[in-house]
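Here the structure comes first, spelled out in structure tokens, and everything after it is commentary.
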Amino acid sequence: MAEYNFREIEQKWQQIWKEKGIFKSAVDPKCPKFYSLDMFPYPSGAGLHVGHPLGYIASDIVSRFKLLKGFNVLHPMGYDSFGLPAEQYAIQTGQHPAVTTEQNISRYTEQLKNIGFAFDWDREIRTSDPDYYKWTQWIFMQLFSSYYDLDADKALPISSLVARFEQEGNAQFKAVCDEDTPSFTATQWKDFSSNEQQQLLLHYRLTFLAETTVNWCGALGTVLSNDEVKDGFSERGGHPVERKKMMQWSMRITAYADRLIKGLDQLAWSEPIKEMQRNWIGKSIGAEIVFAVKGSHQKIQVFTTRVDTIYGVTYLALAPESDLAAELITDAQRATAETYIQQAKNRSERERMSDVKTISGAFTGAYAINPFNGEEIPIWVADYVLAGYGTGAVMAVPAHDERDYNFATHFGLEIRQVIEGSMENGSFPGKGGIIINSGNLTGLTMKEAINQCIDFLEEKGIGRGKVQYRMRDAIFTRQRYWGEPLPVYFKDGLPYLIEEKDLPLVLPGVDKYLPTEDGAPPLGRAKDWTYTTESGTYPLELSTMPGWAGSSWYFFRYMDPSNMQSFADKDKTDYWGAVDLYIGGSEHATGHLLYSRFWTKFLYDIGAVSIDEPFKKMINQGMIQGRSNFVYRIKGSNTFVSLGLKDTYDTSAMHVDVNIVHNDQLNLEKFKAWRLDLANAEFILEDGKYHCGAEVEKMSKSKYNVVNPDDIIERYGADTLRLYEMFLGPLEQFKPWNTNGIDGVYKFLRKLWNLYHPQNGAFAVSDAPPSKEELKALHKAIKKMEEDMANFSFNTSVSSFMIFVNELTSLGCNKREVLEPLAILISPYAPHIAEELWSLLGHGESITKASFPKFQEAHLVESNFEYPVMINGKLRAKLDLPLTLTVQEIEKAALADAQVQKWLEGKAPKKVIIVPGKIVNLVV
RNA sequence: GCCGGGAUGGUGGAAUAGGUAGACACGCAAGACUUAAAAUCUUGUGGCCAGAUCGGCCGUGCGGGUUCGAUUCCCGCUCCUGGUACCA
């Protein structure tokens, strides 16, 4: 073989890897493990684009590096194969989503295999596979059968809760439950009917059925997330969306809120992602206070983090949605207040949030009594108060809260300062100040005052200390077809689990993938969607699980993918443990990552696994954006003007397929062939070339900027693609895709090949011992690669390979002692060419079985250093001096230098700074 | 609005316990090889000034500061980008 023939080499080695099962992994207690995981893809109909493999290549490089370092590596891939697009397609075509999903998966798999990943394909999983979702359903059943015990601070079986109820009722018992849970004694519990008992237990179960307000889209027959709603209409299709109360399954993730926050501390994730999770969970510590309403039996509950400012309260504000607000309005205020409420309610939540500057509100006419000093305070309705957070009511302290301040200023309400400080710049939080004008709180610090207030409230029974979370329980049902059925049937209107032996509850066939005529989910169309027990036949749940169900535990299933007895064998989950490196997009920062952590903690509580955090280290790769190209058509003609001349004509820009543009130059023939109407296009060129305009946009079919990895592989090979994606820039950075630099990477691989084929393309290596310089170049490269691997700085590693190969080329080195380690170094990045070279070097085994070369500092030791000599901070001379010189000797040498003397103009320097091995700086 | 991240040549980017800014590539220019083109190789390439020589000045988004020395640290801005919660 003369030339570097990537096609032949890549196919050959992919075949060998497959046949020999090179990347099969198995538990091996003698060997340290490394679990390297990618966020598994949803197999969409569009296939893989060049953005997908970015993270996979990075994790593949780390995996192969760890193999060379002697680790037992688990590096699996699978598919998150339940999802809306397949269902949408099914609605349009009537084709079963399983069929299109299967097609998409085979396309993805083929594309992934072309890139030469070190995946253990035997471990492939699909969340829509009944053997997989059997265990998703099983985990759901465990959640249903558990409650969260606050004393034990963990999930415990619901049976032990029942035992406690039988002994002591629930009044003294600390467990996470719904706000509206009634309290009862042991005797009462025993007297309840079985149905009543079941009803009560639903208040405690970790997954439960409850009435929730949701975004209901009648036209789509489904509930939408806030994200999917834009200005009151569905993002998809633009149908109207209404707020509607519905019975929905929820997951009591709030029970784990505190542990989810605390757990973050031990994780090696980027700070921004951790911060996002903390903000999402949104813990605030404060107090709940009950205000009596003057001349009414009504009470208003507020939540505040600053109960110490209670003497500064000058009004209460209620959310417009509040039922209480409507009730409290006096006749005198009725007209204005009710109009305001109506207006505020009509504004969508999004509108209200984005429009911060407009201050609006209305006085109800009613007054509340401050329980601390008996003062009467006006009650207002204000749309800056959100119904969904806390109690939907706020005690306003204008002096120490900016929003309250703006509101009070706008409506001329009293502003009363209760913390030392200056009000010159409006309100201030004054968290460190001393309390003033506050009865017996005066003189205390914030902390002291808060404690004293809470004691007072609890003593009087009109409030308590409270921890409030922003995060709400996660809704767990979707009114859709293509998802996991819930293993639940209904008897007397109450939910019960099916028996474990009947798992999986397989998704039934339906005639259409649409809601039924009376608005029930698609499963309402299934025949015999019922469950039979000894006592009779009952209807099964019609909703399915949300997309995040299957992805919340898949990292465990990879450890034991075909286990029929359990979701994964404990010995295996114990061996593989937590994911050592997880790579994926930051768009999952609050959804997937939070749910996975929640389920892992739960599985830990019930003893199913031994870890309570699933992902030790996490890297978020930046999205690869598209880079669109444009041509400029003279309006009303079929003539196209090159970029530099476009302004001399009246032109309009038109997207052009980036695949017929190279280095921003248009291929004229391909352009004419691109579309029928362009066959007779004419061009006005610059220097005989057509230059296209370019812009960075999201990758999308309609912008003709989607680049498919297959095309790159066809043209340059998988190794070039892998190297190039890494060379593009730091992994975590967002960057546009362009192929402008890909030739350089391809050239580099050919240079690498030529090192081993020095003459006439014939393979030849010399067994002569390497020179000092050659060894130095080698060990410099080894060191750099290890450092970069620790920092996940893949782009700089590619550079250092280029430098190394350039050095060897100019040294004319083809010595085995250098070229063997070189092949190993590069093998994680460009595995195919490395395998080929390795086998040419005479090795019978795969290069993945080699060991990483050992770095030896001795080869890098220098005897001399070229000192930059700076005079007044400017580089004026360079001095090559031995590193053994002392500071005094360096100074002497520097001052003796002719160039230096010229700049000193005979004067002695005022100051001399010498950092040995770094720099000489003279100040004149 | 708030919370992150960022801004370096024509382009992607390199260099931060403060120490020679622009590594490595792309692009461009000139040259070699060739009937020619492609490919390949060699050389040059931040800007400005300069007898285009010796060399000098300016330069890491903008304005200040600390320092012998700042892309790096501090203060104040501008713009881009991701997230989001008017969270009491």
Side-chain angles (χ1 to χ4, degrees), chain A residues 226 270-276 278-280 282-284 286-287 302-307 309 316-317 349 352-357 359 382-386 388-397 400-404 406-407 468-471 585-587 589-590 620 622-623 625 627 663-665 694 696 723-724 727-730 732-745 747-748 750-751 754 793 795-806 866-878 909-915 917-924:
Chain A
N226 280 332
S270 72
E271 252 337 290
I273 295 280
K274 286 195 197 179
E275 202 50 35
M276 264 187 236
R278 284 192 197 102
N279 290 341
W280 186 263
K283 179 177 183 173
S284 33
V302 304
F303 173 73
T304 178
T305 51
R306 296 297 304 277
V307 63
T309 60
L316 294 191
E349 201 162 297
R352 274 166 63 181
M353 288 194 297
S354 55
D355 183 18
V356 185
K357 293 198 176 88
I359 295 162
D383 75 351
Y384 75 91
V385 181
L386 299 181
Y389 180 77
T391 58
V394 174
M395 60 171 235
V397 185
H400 306 293
D401 181 281
E402 198 185 333
R403 284 154 305 148
D404 297 346
N406 293 339
F407 191 86
Q468 183 78 43
Y469 295 98
R470 188 201 80 96
M471 179 171 69
S586 54
E587 66 271 23
T590 46
N620 299 108
M623 199 193 294
Q625 293 150 313
R627 188 171 184 280
N663 289 340
D664 284 342
Q665 284 172 26
V696 173
L723 276 168
Y724 185 61
F727 190 56
L728 216 46
E732 304 196 58
Q733 194 169 298
F734 279 63
K735 58 217 153 194
W737 175 261
N738 72 75
T739 48
N740 286 352
I742 199 166
D743 286 329
V745 171
K747 257 187 244 174
F748 158 72
R750 280 203 312 239
K751 266 193 203 165
N754 290 339
S793 177
N795 55 327
T796 50
S797 264
V798 179
S799 299
S800 75
F801 294 147
M802 289 175 170
I803 294 170
F804 186 25
V805 167
N806 286 346
E866 191 177 51
Y867 280 91
V869 182
M870 312 194 62
I871 295 169
N872 287 338
K874 292 208 165 96
L875 181 68
R876 297 302 183 192
K878 288 191 178 185
K910 270 191 233 156
K911 195 166 180 183
V912 180
I913 296 112
I914 290 169
V915 184
K918 281 251 164 100
I919 203 161
V920 176
N921 194 3
L922 308 175
V923 186
V924 185

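Values reported hereafter were calculated over all heavy atoms of this structure, with side chains retained and with hydrogens, waters and symmetry mates removed. Per chain, numbering begins at 1; letters A, B, ... match sequence-line order.
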For [X] and [Y], does a side-chain donor sit closer than 3.5 Å to a side-chain acceptor?
X	Y	value
A:T796	A:S793	yes
A:K911	A:N921	no
A:N406	A:Y384	no

Atom [atom1] of [X] and atom [atom2] of [N]: how far apart are they, to the nearest Å?
X	N	atom1	atom2	result
A:D743	B:A25	CG	P	13 Å
A:D383	B:C87	CG	P	13 Å
A:W280	B:G4	CH2	C1'	16 Å
A:R750	B:A39	CZ	P	10 Å
A:K910	B:U67	NZ	P	14 Å
A:K751	B:A39	NZ	P	15 Å
A:D404	B:C86	CG	P	15 Å

With [atom1] as the reference atom in both, quote the distance from [N] to [M] in angstrom, rounded to an integer.
N	M	atom1	answer
B:G4	B:G56	C1'	44 Å
B:G18	B:C74	P	11 Å
B:A29	B:G82	P	36 Å
B:A25	B:U42	P	11 Å
B:A52	B:G61	C1'	32 Å
B:A23	B:A15	C1'	8 Å
B:G31	B:A38	P	14 Å
B:U60	B:C54	C1'	29 Å

Taking the side chain as C-beta and beyond, is there a heavy-atom pair between [X] and [Y] under 4.5 Å?
X	Y	result
A:K751	A:N806	yes
A:I919	A:I913	no
A:P730	A:N795	yes

What nucleic acid atoms does A:N279 come within less than 4.0 Å of, heavy atoms only: base, sugar-phosphate, or nothing?
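Contact class for A:N279: base.
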
Base, sugar-phosphate, or nothing: which does A:R278 touch, judged by heavy atoms less than 4.0 Å apart?
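Since no nucleic acid heavy atom lies under 4.0 Å of A:R278, the category is nothing.
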
Can you list the steps and then say if A:R876 with A:V869 is a side chain to side chain contact (heavy atoms under 4.5 Å, CB included)?
CA-CA 6 Å; A:R876 297 302 183 192; A:V869 182; 5.9 Å; no

Taking OP1 and OP2 of [N], is either one under 4.0 Å from a side-chain nitrogen or oxygen of [X]?
X	N	result
A:R403	B:G1	no
A:R876	B:G56	yes
A:R470	B:U84	no

Inter-residue atom distance [X].[atom1] - [Y].[atom2], 0.5 Å rounding:
X	Y	atom1	atom2	result
A:M870	A:K878	CE	NZ	10.5 Å
A:I742	A:K747	CD1	NZ	12.5 Å
A:S284	A:R470	OG	CZ	10.5 Å
A:T309	A:M395	OG1	CE	4.0 Å

Dot-bracket for RNA chain B, 5' to 3', Watson-Crick and G-U pairs with both distances under 3.5 Å, [ ] for crossing pairs, | for partner on another strand, reads (((((((..(((......[....)))((((((.......))))))((((.....))))..(((((..]....))))))))))))....

Step by step, work out the side chain to side chain contact (heavy atoms under 4.5 Å, CB included) result for A:F748 and A:V798.
CA-CA 10 Å; A:F748 158 72; A:V798 179; 5.6 Å; no

Intermediate values then yes/no, side chain to side chain contact (heavy atoms under 4.5 Å, CB included), A:D401 and A:R306:
CA-CA 10 Å; A:D401 181 281; A:R306 296 297 304 277; over 6 Å; no

Of the listed nucleotides B:U84, B:G56, B:U40, the one nearest the side chain of A:K747:
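Closest nucleotide to the A:K747 side chain: B:U40.
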
Could you check which of B:C24, B:U40, B:U84 has an atom nearest any side-chain atom of A:M802?
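Closest nucleotide to the A:M802 side chain: B:C24.
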
Taking syn as a glycosidic torsion within 90° of 0 and anything else as anti, which one is B:G9?
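Syn, which is what one calls it when the glycosidic angle falls within 90° of 0.
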
Pairwise N/O distances under 3.5 Å, protein to nucleotides 19-21 of chain B:
from  : atom 1 : to     : atom 2 : distance (Å)
B:G19 : N2     : A:N921 : ND2    : 3.1
B:U20 : O2     : A:K878 : NZ     : 2.8

Taking for each residue the nucleotide of RNA chain B bearing the nearest heavy atom, is the 5' side occupied by A:N806 or by A:K283?
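Of the two residues, A:N806 wins.
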
Protein-nucleotides 10-14 of chain B N/O pairs closer than 3.5 Å?
from  : atom 1 : to     : atom 2 : distance (Å)
B:G12 : O2'    : A:L728 : O      : 2.7
B:G13 : OP1    : A:Q733 : NE2    : 2.6
B:G13 : O3'    : A:N795 : ND2    : 3.4
B:A14 : OP1    : A:N795 : ND2    : 2.8

